[in-house]
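This one's a predicted model, so the numbers in the text were calculated from it and none came from an experiment. Order of the sequence lines sets the chain letters (A, B, ...), proteins ahead of strands, with each chain counted from 1.
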Amino acid sequence: MKISFLLNNREIELDVPSDRRVVDLLREDLALTGTKEGCGAGECGACTILVNGKSRLSCLMLAAQLEGCSVTTIEGLSPGDALHPVQEAFIEHGAVQCGFCTPGMVIAAVDLLRRTPDPDRPAIRRGLSGNLCRCTGYQKIIDAVEDTSRRRGKGKAS
Amino acid sequence: MKNAKNGILEIGKATPRADARGKVTGAEKYAADYYGDQLLWAGVKRAGIPHARIKGMELEGARNHPGVLAVLTCRDVRGSNRQGVIRQDQPVLVDDKVRHCGDAVALVVAEDRPALAKALDLIAVEYEPLPGVFDMETALKPGAVLVHEDNAEGNVLLKGELKTGRGEAALTECDVEVTAFFEVPRQEHAYLETEGGVALLREDGTLEIVVSTQTPFRDRAEVAKALGLDLEKIRILAPYCGGAFGGKDGITVQTLLGLAALHCPGRPIKMQWRREESFLAGVKRHHGRLHYRLGAKADGTLHALDAEIYYDTGPYDHLGGAVLALGLEHAGGPYRIPHTRLRGWSVYTNNPLGGAFRGFGVPQVAAAMEQMMDMAAARLGVSPLEMRLKNAVRRGDKNPVGVTLTSSTGVHECLALLAGQELWQERETWKAAARSFRLRGVGLACVMHGMGYGPLVPDCGNAKIEITEQGVFRIFSGVVDMGQGNAATYLQIAGSILNQDGDHLELVQPDTGKALPSGSASASRTTYTFGNALIGAALALKERIVRRAAALVENSGGGEDFTMAPGALVHRPTGQLIPLPQVARILDEAERISVFTFQAPVAAERPTADQNLQLHGIPHRIFSYGAHLACVEIDELTGKVEVKHYCAVSDCGSIINPQIVEQQIQGGIAQGLGYALSEDFIVENGRMATPDLSAYIIPTAMDIPDLGTFAVELPEETGPFGLKGAGEISMDGPLPALANAVADACGVRLFRYPLTAERVLQALAEKRGEGTGP
Ligand code: FES
Ligand code: FES
């Protein structure tokens, strides 16, 4: 079937089987391999993308569901070479080890910060609990998200 | 790889990792991200039965299915059809019989995944089921069902005995003796990137495999032998792994992909295990059964230890023998114990495959030994801390296998730092503040971890660094980065020596066609061994560059007058700047490359004459140390254990990048907490009962508290800038620290793990004298 949607701020139209998983469509048909697959069953969060601004698991979505949506993947999180503040904070705080969970984790964090203005550490932990990371023990990820939130708060105040 | 700008890379400075940017933007390509034009897909028919002979296979349906290019069995393998690091006992595709559910019986190559899935379905295998052996006691009985009929030792893959002093006989000389039996679970790696890769047989006959692996050079040799190929014709490329932790230490998809490529030349072929397949066929931390007897004198001095260790290695060696050997060597912990008898058995069964997993046999014995210490302390009426301080090794002491510790030995420093923590100082107040129906407890553990390969297998790094014509330093990494940050550390080492920033440094991921063999990414050795080699290579290159630059400046006064700067050399007396490309261009191609070999030193003593045990790694010379402290709260009504505070002090030598060391320590603790609290890869009659991440529970962000991590930076004099291994030590502490804390909270000790709510609740009920049913 033909579907059209906004992908990283660009209109695209594709002819794909309606039951193609979104994660495959992104990775294989569109070569956007920043979105990872860790389980294919909604258990790990590695495949998280933003659909109409909300985080969704692309391994559980089918192509047809994208019709008319706005999709953001890790590649489109910030324009050009610039990084999103969450990405900057992940680098600075050492929140990245093997990095396989990272794109999904960053997207989940962006969504969390959109939903929750000023999350404390327990709220960040809850907000990211759908995203597994096997390397970090999460602490530096929480540090990064907390710091992003803090800086954003400062930015607004000034 | 270009690196983020962050000034000159310096030793000892917390520096954001050079690989973080590519990973955080999604640009970094893992093996899973390689596809290729005209891609084919390969997949495996798994046995699904733990022990059976194959009577026949119906393959025609699969072969005739549209889109299927090849259906292959052991008959299509021209080499040894065997893989394995020490004992090659694992078939690429089953020939004689199936030995566990995850065995590969057939391989299919197809145009796309739907065709592949259908073809795998169409393969019908007729089995003659054989009685299986699913527990170690049964496996060791005379007349037991044999996993390998040709193994002279029956179901024993490796057994070993180490003895010091008067051994177990000295237990009779002790004033107190404590005895216990411990059972530790299988643990699944659960790295986020499952096993996978892409292979291509090129026209010139080169077989190229891009794969998520810890061991590209060893893989090359294994693929060659198993498939009957010329080693020179195989090239393995190892991008960053999306986690590995030991589970990619050895062959996963490599031989299968190679076989597929041989039958479908000219097109790239991809294999990516599904999560369930990864759980089914991947290796696990060994399930262990441990019998301990520990004796001490009335003054608290440890006197004798008798330990009997059994590890269920499943049907193949993988690295099961070496894992047992490291367990044996560490069975007595970081203590002076003059009389020991340590015996171990690595046992074949028809259970899932045991293998390498961060800690490599040590977490199991640390779980036992550290609880024995608490039990002995309780009997003697001294605190767990005093008990450890009294017996912990110092440099110059002999460890429990009788080897003199000649390198940095910081266990006392770790304990002292830990003892000063508020968590320890104020523990009684904290415990007393528990709300009603809550129990609080505090536990300690003290651990050591050997680094490198041991005495017989040369532990070598061969570094190669090049200055390009553009004046950029390119490092050819010989050891995989599976997330531990060694690649970034290599850049930091070279940057520091050559006084360069990230813009003038590049790292090429391990590629057997370009880098030099430097061993596995394992055994806490990656930065120590390759780092040492890289120092040598970088220093030699620097000297060469400076010498040649001197020739470019009139009356330069020789090399001493030059300093390196990012992208240039500075002639200090005149301030003249010579751009690096200018120097690079006057070097010929061979001169632009510098290589250096480092071989790790080995212990001078041999605690055993058994060559086989030595081959399996006994003894080590350099150890890292750690002291861990856990504060837990238990809900008396549900039995749930919550880790409220956790703190670890580590002696990993001097630190090159504090951020990376913290990552390693925190990550290891998190895996250790999972091992202690929730992770249990359950197997029933050889079949896994925890096939996915909803049944097998690894910690989420909700389950790990903020961790206090501290380092005592005792320089290791043989280490690069004083460093020693940091990759595994923190995995060894959490289970015993938590078990000791839970025992402290409950007043009763649990001997089986993980410490699930159910087990804790039952222990509490038994303590109160209530039965738990008929
Ligand atoms: S791959 Fe989608 S949740 Fe794991
Ligand atoms: S960094 Fe490896 S899984 Fe999160």
Side-chain angles (χ1 to χ4, degrees), chain A residues 24 27-28 31-46 73-75 77-78 81 83-84 86-106 121-122 124-143, chain B residues 4 14 16-17 19-30 32-35 39 113 189-194 240-245 272 274-276 481-485 659-660 662-671 673 692-694 698-707 709:
Chain A
D24 298 332
R27 291 175 50 83
E28 294 170 26
L32 293 174
T33 53
T35 300
K36 308 299 183 196
E37 177 170 353
C39 68
E43 289 154 8
C44 75
T73 67
I74 190 72
E75 291 89 348
L77 198 58
S78 62
D81 265 357
L83 295 185
H84 188 282
V86 171
Q87 290 172 313
E88 295 274 12
F90 266 58
I91 296 175
E92 192 186 326
H93 288 273
V96 181
Q97 293 190 32
C98 86
F100 209 76
C101 71
T102 306
M105 197 67 88
V106 166
R121 288 179 82 84
I124 298 172
R125 289 182 178 283
R126 259 196 315 282
L128 297 181
S129 62
N131 289 70
L132 297 177
C133 172
R134 191 53 156 164
C135 300
T136 63
Y138 303 101
Q139 188 159 340
K140 291 182 185 296
I141 294 175
I142 317 287
D143 292 346
Chain B
R17 289 168 56 152
D19 55 335
R21 189 183 171 99
K23 288 174 174 177
V24 88
T25 57
E28 190 61 58
K29 275 178 91 180
Y30 300 82
D33 301 328
Y34 282 77
Y35 291 91
L39 183 76
R113 277 181 293 178
H189 298 78
Y191 22 73
L192 276 244
E193 183 196 24
T194 58
Y240 285 111
C241 290
F245 317 116
Q272 191 74 44
R274 290 167 296 107
R275 177 57 59 187
E276 187 171 342
D481 190 326
M482 49 181 158
Q484 76 274 46
Q659 191 181 69
I660 292 181
E662 265 178 33
Q663 291 179 333
Q664 282 302 295
I665 301 298
Q666 291 176 358
I669 293 171
Q671 282 177 347
L673 292 178
D692 55 38
L693 290 164
S694 66
I698 67 170
T700 71
M702 307 266 283
D703 304 314
I704 313 284
D706 282 335
L707 308 167
T709 50

Most contact-rich option vs chain A, by heavy-atom pairs under 4.5 angstrom, among B:Pro699, B:Gly485, B:Ala670, B:Gly22, is B:Pro699
Return the option, out of B:Ile704, B:Thr194, B:Thr700, with the maximum number of heavy-atom pairs under 4.5 Å with chain A. B:Thr700
Side chain / backbone / both / neither for A:Thr136 at chain B, heavy atoms under 4.5 Å: backbone
Interatomic distance, B:Arg21 atom CZ to A:Gln87 atom CD [nearest 0.5 angstrom]: 8.5 Å
Taking C-beta and beyond as the side chain, do B:Lys23 and A:Ile91 meet within less than 4.5 Å on heavy atoms? no
Nearest heavy-atom pair of A:Gln97 and B:Arg17: which atoms, and what distance? O-NH2, 3.4 Å
Greatest number of non-hydrogen atom pairs under 4.5 angstrom with chain B, of A:Pro103, A:Gly127, A:Gly94, A:Gly34, falls to A:Gly94
Under 4.5 Å between any side-chain heavy atoms of B:Arg113 and A:Asp24, yes or no? yes
Does the side chain of A:Arg27 come within less than 4.5 Å of B:Asp33's, by heavy atoms? yes
Full working for side chain to side chain contact (heavy atoms under 4.5 Å, CB included) between B:Asp692 and A:Glu43: CA-CA 9 Å; B:Asp692 55 38; A:Glu43 289 154 8; 3.8 Å; yes
May I ask you to decide whether B:Asp703 forms a salt bridge with A:Arg125, counting only side-chain N to carboxylate O separations under 4.0 Å? no
Contact origin within B:Asp481 toward chain A - heavy atom pairs under 4.5 Å: neither
Determine whether a donor-acceptor pair (N or O, by modelled atom type, separation under 3.5 Å) exists between the side chain of B:Tyr35 and the backbone of A:Ala31. no
So for A:Glu88, is it side chain, backbone, both, or neither that comes closer than 4.5 Å to the heavy atoms of chain B? neither
Residue that, paired with A:Lys140, satisfies side-chain hydrogen bond (donor to acceptor under 3.5 Å, both in side chains) out of B:Glu662, B:Gln659, B:Gln663: B:Glu662
Please classify the contact of B:Ile669 with chain A as side chain, backbone, both or neither, using a heavy-atom distance under 4.5 Å. neither
Mind ranking B:Ala14, B:Ala27, B:Gly26 by heavy-atom pairs under 4.5 Å with chain A and telling me who comes out on top? B:Gly26
Okay, A:Leu83 and chain B: the region with an atom under 4.5 Å from a heavy atom over there is side chain
Does any heavy atom of chain B fall under 4.5 Å from the side chain of A:His84, the backbone, both, or neither of them? neither
If you define the side chain from C-beta out and look only at heavy atoms, does anything of A:Cys98 sit under 4.5 Å from B:Leu192? no
Report which part of A:Thr33 has an atom under 4.5 Å of a heavy atom belonging to chain B: side chain, backbone, both, or neither. both
Run the side chain to side chain contact (heavy atoms under 4.5 Å, CB included) check on B:Tyr191 and A:Phe100 step by step: do they pass? CA-CA 9 Å; B:Tyr191 22 73; A:Phe100 209 76; over 6 Å; no
Which atoms of A:Tyr138 approach chain B - backbone, side chain, both or neither, heavy atom under 4.5 Å: side chain
Side chain to side chain contact (heavy atoms under 4.5 Å, CB included), that's the test. Do B:Asp19 and A:Val96 meet it? Break it down for me. CA-CA 9 Å; B:Asp19 55 335; A:Val96 181; 5.8 Å; no
